[in-house]
Each structure stands twice: as structure tokens, then as C-alpha cells.
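Structure first, commentary second.
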Amino acid sequence: MYSYIYNMQLTPKIINVETSIFTVMSALASKHKAINLSQGFPNFESDQKLIDAVSKAMNSGYNQYAPMAGNLELRQAIAKKFEILYNTSYHPETEITVTAGATQAIFTIISTFIKTGDEVILFKPAYDCYEPAIKLNGGKPVAIALKAPNYKIDWKLVEEAINHNTKMIIINTPHNPSGTVMSKPDLLKLQDLTNGTDIIVLSDEVYEHIIFDGEQHQSACRFPQLKERSFITASFGKTFHNTGWKTGYCCAPKTLMEVYRNVHQFNVFSVHHPTQKGLADYIVEPHHYLDLSNFYQEKRDTFLNLIKDSRFKFKPSKGTYFQVLDFSEITSEKDTDFAKRLTIEKRIASIPLSVFNDNQRDDSVLRFCFAKTEGTLKAAAEILNNI
């Protein structure tokens with residue numbers, strides 16, 4: 001039996017997949033005891049009130065399966081949040097589904113609607129979970145470049161890329177990895193280009209509460225005709241400093257959500273129940289998410305003020321908890337090589353942006369996560385200022 005298994009011809013659905021850059025850089029950081037500003041997670045704890053709320057839920061019996069679509073109290077709280085923030089509504093029973101993080105929601109949305117031969121437009125540099133999900137389902141990624149340093153969408157290129165095979169367009173605002181945000185004219189243009197088509201929009205809005213300098217988050221749900229064809233994905237982990245809880249949600253009109261749930265029920269079925277109950281009790285107080293932009297803008301400003309005299313160039317991030325730094329005046333090395341050298345020799349880890357571009361476009365920039373304590377940011381700045 002064993003020799004038969006060893007001789008099996010295994011053909012993976014995705015080939016030439018390398019180890020994730022996040023895994024590589026975090027392993028390097030650990031090995032060389034470097035300050036890790038590579039992977040996007042805070043090094044401080046969630047609000048104790050939220051942790052206590054989840055513990056209370058466990059002790060109150062919320063330890064069996066949640067409803068497939070999610071704890072109803074949580075879905076009601078999410079619906080209320082959309083009313084407060086965007087003056088729009090999603091029905092908690094039919095248009096909101098709690099997920100095992102935003103990445104699972106994204107994968108399930110793509111798996112639900114993309115089949116062999118379908119084309120999906122996405123914008124690069126792009127978060128690394130989009131393209132593998134498209135390919136796994138037989139789809140064809142159609143990448144449109146976002147050029148440094150502004151990373152703005154060229155809508156003429158989008159219009160030229162749309163054809164009868166285009167099934168989906170994926171957007172991400174605030175944008176990881178560049179820290180830019182889409183404007184109201186951007187969303188209006190997307191609405192105009194997709195009107196009268198069968199194109200589904202997947203709007204990755206996991207950093208919706210982390211946006212700076214008085215900017216207003218332009219959610220796809222703000223635009224009625226765009227909302228009709230859009231899924232919005234969101235993450236409690238990004239919002240409440242607990243990425244390890246892997247809890248998020250997605251919203252969409254009833255007709256789209258019904259089809260999505262047909263796949264979700266067999267992909268995940270339901271998500272950790274006490275976490276959902278704890279979140280439901282926590283987010284009924286809007287200040288728990290409304291204050292987040294100020295919290296992270298202070299961290300961004302602290303980090304940039306600390307490195308203002310360094311040799312790195314930068315445009316302040318407009319959203320997310322990432323800052324892109326341009327090292328073109330420091331070295332002509334490939335960004336991947338420079339990032340690894342900084343980790344090994346200088347003891348500071350970052351992410352090179354070319355990995356979000358299939359390593360085909362190198363703009364001499366690195367991404368640093370500033371969701372860290374002030375002490376960590378000061379220690380990191382001291383290193384960067386001496387490079």
C-alpha cells in the first residue's frame with residue numbers, strides 16, 4: 001500500500017507556488033532576533049473589555065455551533081454599524097455572513113462565482129490571497145499595474161480590459177500594501193464601468209476603520225448601483241488587534257448572498273461562537289471602532305517623525321497600518337535582497353513590494369508595519385536612521 005502511495009502522480013492545481021514572503025521574512029526575523037515590522041499584526045493586546053466579553057460568552061454557554069450565517073446579535077450589530085457609518089443597510093438575516101476572517105470570505109466568494117475561463121481584474125501590487133484563489137477555480141487573473149509612488153488606478157486600462165469573459169473585479173481600499181485609498185471619483189468610475197454588465201465586484205475593506213488625514217472611507221456600499229453587484233469583506237482582527245481570532249464577515253445583496261452561503265456552509269459552516277457573541281456585545285458601542293483612525297494616525301505620525309532625517313523617502317500612508325519607504329537613494333539592490341540584508345545585518349524586517357507584483361516590478365520600496373508599541377517604533381527608527 002505504501003509503495004503505491006509513494007508512486008502516485010500528484011498534479012497540484014497551482015504550480016510554482018513559493019513559500020509566502022510573510023513566512024520567509026518572519027522566519028528570518030525570528031532567526032536573527034530582528035524587530036519584525038514585516039507581517040501585519042499588532043504587538044499589543046486587544047481591549048481587555050473585548051477579551052472579557054469573549055470569556056463571558058464562553059462561561060455563559062456560547063460553546064456550540066453558531067448559526068451558519070453567524071450569531072444573529074453580531075449580524076444585527078454589523079448592520080447597525082453600516083447605518084451609522086455609510087447611511088446604508090444590509091439585512092442581518094439575509095445579507096450578512098460571519099466568516100473565519102476576511103481571507104476565507106474572499107476565497108469563498110471567488111470559489112462561488114469563478115469558473116474555468118472567467119477573467120478577474122485585479123490591481124497590483126495586490127494582497128497575495130486573490131490570485132491563487134482565482135487560479136484554483138480555473139479563472140484567469142487580469143492584472144493592472146498601480147505605479148509608484150501614487151498607486152492610482154488607470155481607469156482607461158480597466159475599461160480596455162473588460163470583455164465578455166470578465167466576471168469579477170477585485171478592489172482593496174485602504175490598500176495593502178501601498179497604504180493608499182480610493183476616492184469617490186474612483187468608485188463612481190467603477191460603478192459606471194460595471195453598470196449593465198454581469199460583473200461582480202469584490203471590495204476588500206478590511207482596513208475601513210484605519211484611514212487618515214480627514215479622508216472618508218469610500219465603501220462600495222455608498223454607491224447604490226455598485227452596491228447591487230458588490231461583496232464587501234471586513235476583518236475584526238484588523239480592527240480590534242486580534243488577528244489570531246480569524247473572525248470577519250462579508251455583506252452583499254440577498255440574491256448574491258444566497259448563492260455565497262451555498263458554498264460557505266460546506267467550506268466553513270460556522271465560526272467560533274463565543275468570539276462572535278463577545279464581538280456583538282462590544283461593537284454596540286460605536287466608539288470602539290470610530291476612534292481607531294486617530295489611534296493609528298498617532299502611530300503613523302510617530303513613526304514618520306522618528307525617521308524624518310533618515311535616507312528613506314516616503315509619502316505618508318493614507319490608510320492601513322503600513323508605511324511604504326523608498327530606499328532608491330540608499331542602494332540599487334533588488335528590494336527582496338535589500339529586505340533580507342536589513343533583516344540579517346541590521347536586525348529589522350520588512351516586506352519588499354515586488355512580491356505583490358510577481359517580482360516583475362521593483363520600485364525600490366519596502367513596506368513596514370507600524371501597528372507596534374512606541375518602544376518598538378523607536379527601536380526600529382534608530383536602526384533605520386543609521387542605514
Side-chain angles (χ1 to χ4, degrees), residues 37 40 121-128 130-131 141-162 169-193 201 203-208 210-220 222-223 226 293 296-297 299-301 303-305 307-308 310-330 332 334-336 338-339 350-370 384:
L37 303 190
I121 295 174
L122 67 161
F123 303 94
K124 289 196 170 184
Y127 186 58
D128 65 348
Y130 306 152
E131 194 163 342
V142 178
I144 294 177
L146 305 177
K147 298 179 181 179
N150 296 318
Y151 299 98
K152 296 297 184 184
I153 295 174
D154 184 335
W155 290 105
K156 183 178 180 182
L157 294 179
V158 179
E159 186 172 6
E160 292 172 351
I162 292 175
I169 298 176
I170 301 176
I171 61 172
N172 174 211
T173 184
H175 182 253
N176 177 19
S178 72
T180 56
V181 299
M182 292 177 70
S183 66
K184 182 177 181 179
D186 284 324
L187 274 293
L188 287 171
K189 186 62 178 178
L190 178 60
Q191 179 173 254
D192 180 61
L193 288 176
V201 173
S203 186
D204 179 353
E205 302 182 16
V206 299
Y207 296 101
E208 64 174 320
I210 309 176
I211 193 163
F212 311 133
D213 304 320
E215 296 274 0
Q216 189 177 55
H217 173 55
Q218 297 301 323
S219 174
R222 288 184 181 272
F223 306 87
L226 188 58
S293 288
Y296 273 118
Q297 184 166 332
K299 289 191 175 293
R300 181 205 65 175
D301 292 348
F303 181 57
L304 294 183
N305 186 57
I307 64 168
K308 66 181 187 300
S310 73
R311 296 168 67 195
F312 291 93
K313 298 185 296 183
F314 55 80
K315 296 185 69 171
S317 170
K318 287 293 185 180
T320 74
Y321 43 53
F322 300 114
Q323 177 63 51
V324 171
L325 300 183
D326 181 325
F327 63 84
S328 59
E329 294 184 357
I330 298 174
S332 59
K334 290 173 57 178
D335 63 352
T336 49
F338 186 49
S350 59
I351 295 290
L353 255 70
S354 69
V355 300
F356 299 97
N357 278 313
D358 301 324
N359 297 309
Q360 294 180 5
R361 182 183 178 87
D362 184 347
D363 292 313
S364 297
V365 290
L366 302 176
R367 190 199 75 175
F368 293 81
C369 175
F370 55 80
L384 295 173

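All heavy atoms count here, side chains included; hydrogens, waters and symmetry mates do not.
Atoms OG1 and OH, on Thr180 and Tyr151 in that order, are 8.5 Å from each other to the nearest 0.5 Å. A distance of 9.5 Å separates CD of Glu205 from CE of Met182, quoted to the nearest 0.5 Å. Here the OG-CD1 distance, from Ser354 to Ile351, works out to 10.5 Å after rounding to the nearest 0.5 Å. Note that CZ of Phe327 is 12.0 Å distant from CZ of Arg311, once rounded to the nearest 0.5 Å. Interatomic distance, Ile171 CD1 to Leu122 CG, rounded to the nearest 0.5 Å: 12.5 Å. Between Phe338 atom CZ and Ile330 atom CD1 the span is 5.0 Å, to the nearest 0.5 Å.
For the pair Leu146 and Pro125, the minimum side-chain heavy-atom distance is below 4.5 Å. Between Lys147 and Arg361, some side-chain heavy-atom pair lies under the 4.5 Å cut-off. By the 4.5 Å heavy-atom criterion applied to side chains, Val158 and Ile144 are counted as neighbours. Contact check for Thr336 versus Val355: side-chain heavy atoms found under the 4.5 Å cut-off. Side chains of Asn150 and Lys315 form a contact here, defined as non-hydrogen atoms less than 4.5 Å apart. Between Ile169 and Phe123 the shortest side-chain heavy-atom distance falls below 4.5 Å. Lys313 places a side-chain heavy atom less than 4.5 Å from the side chain of Ser328.
Tyr321 and Tyr296 have tilted rings, their planes meeting at an angle from 30° to 60° on a 0 to 90° scale. A perpendicular orientation is assigned to the rings of Phe312 and Phe368, their planes being inclined by more than 60° (bins at 30° and 60°).
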### Query
For Arg367 and Asn176, what are the C-alpha separation, side-chain angles and deciding distance, and is it a side-chain contact (heavy atoms from CB on, under 4.5 Å)?
CA-CA 9 Å; Arg367 190 199 75 175; Asn176 177 19; 2.7 Å; yes

### Task
Evaluate the criterion side-chain contact (heavy atoms from CB on, under 4.5 Å) for residue pair Asp192 and Trp155; output intermediate values, then yes/no.
CA-CA 11 Å; Asp192 180 61; Trp155 290 105; over 6 Å; no

### Task
Test side-chain contact (heavy atoms from CB on, under 4.5 Å) on Asp363 and Leu353 and set out the steps.
CA-CA 8 Å; Asp363 292 313; Leu353 255 70; over 6 Å; no

### Verdict with supporting geometry, Tyr207 and His217, side-chain contact (heavy atoms from CB on, under 4.5 Å)
CA-CA 9 Å; Tyr207 296 101; His217 173 55; over 6 Å; no

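Glu159 places no side-chain N or O within 3.5 Å of a backbone atom of Leu193 that could act as its donor or acceptor partner. Side chain of Gln218 to backbone of Ser183: no donor-acceptor contact under 3.5 angstrom is found. Distance alone, capped at 3.5 Å, places no donor-acceptor pair between the Ser350 side chain and the Leu366 backbone. Ser317 places a side-chain N or O within 3.5 Å of a backbone atom of Phe322 that can act as its donor or acceptor partner. Side-chain atoms of Asp154 come within 3.5 Å of backbone atoms of Lys156 as a donor-acceptor pair (strictly under, hydrogens ignored). A donor-acceptor contact shorter than 3.5 Å is absent between the side chain of Asp301 and the backbone of Phe303. In this structure, the side chain of Arg300 does not engage the main chain of Phe370 through any donor-acceptor pair within 3.5 Å. Of the possible polar contacts, none joining the Glu131 side chain to the Ala126 backbone as a donor-acceptor pair under 3.5 Å is found.
Atom NZ of Lys152 has more than 12 neighbouring heavy atoms from other residues, nucleotides or ligands inside a 6.0 Å radius.
A side-chain contact (heavy atoms from CB on, under 4.5 Å) with Phe314 holds for exactly one of Asp326, Val324, Leu304, Val365; it is Leu304.
Annotation for Ser310 and Leu384: closest pair CB-O, 3.9 Å, computed over non-hydrogen atoms.
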